[in-house]
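When reading the values below, keep in mind they use all heavy atoms of this one structure, side chains included, and skip hydrogens, waters and symmetry mates.
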Amino acid sequence: MSKTPQDMNGAESVVRSLHAGGVEVCFANPGTSEMQFVDALDRTKLMRCVLGLFEGW
């Protein structure tokens, strides 16, 4: 089901654009500023999201 632009936020628009470009997996280390993007990944189910929570060497 396609949404109109006024029905989605910027994060969902980015997810849909990446999916349309052939991206299948997103590796993420989400913080507070990325939570809308991670939420859009979860809501749309268009891409697999792998959370990487390690930031050290």
Side-chain angles (χ1 to χ4, degrees):
M1 178 173 170
S2 180
K3 291 186 175 183
T4 60
Q6 60 267 31
D7 292 337
M8 70 176 89
N9 62 21
E12 186 173 336
S13 178
V14 170
V15 169
R16 291 184 180 280
S17 295
L18 290 169
H19 180 259
V23 177
E24 297 176 359
V25 179
C26 174
F27 295 91
N29 183 358
T32 55
S33 61
E34 296 86 11
M35 289 311 297
Q36 289 81 11
F37 183 73
V38 173
D39 180 56
L41 287 169
D42 187 50
R43 277 186 290 109
T44 61
K45 309 257 189 270
L46 294 174
M47 296 168 48
R48 179 173 170 234
C49 182
V50 178
L51 298 181
L53 302 177
F54 182 70
E55 296 181 18
W57 287 88

Exercise answer: donor-acceptor pairs, residues 44-53 side-chain atoms, under 3.5 Å, sequence neighbours excluded:
| residue | atom | partner | partner atom | Å |
| --- | --- | --- | --- | --- |
| Thr44 | OG1 | Ala40 | O | 2.8 |
| Lys45 | NZ | Asp42 | O | 2.8 |
| Lys45 | NZ | Asp42 | OD1 | 3.4 |

Roughly how far, to the nearest 0.5 Å, is the CG atom of Leu41 from the NE2 atom of His19?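 Nearest 0.5 Å value for the NE2-CG distance: 11.0 Å.
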Asn9 side, atom CG; Asp39 side, atom CG - distance, nearest 0.5 Å: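 Atom-to-atom, Asn9:CG and Asp39:CG are 7.5 Å apart.
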Same apolar cluster: Met35 and Val14, side chain cutoff 4.5 Å: no
On a heavy-atom basis, the closest approach of Phe37 and Cys26 is CE2-SG, 3.6 Å
Backbone of Ser13 reached by a side-chain donor or acceptor of Ser17 within 3.5 Å: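 Indeed, once roles are kept as given, a pair shorter than 3.5 Å links the two residues.
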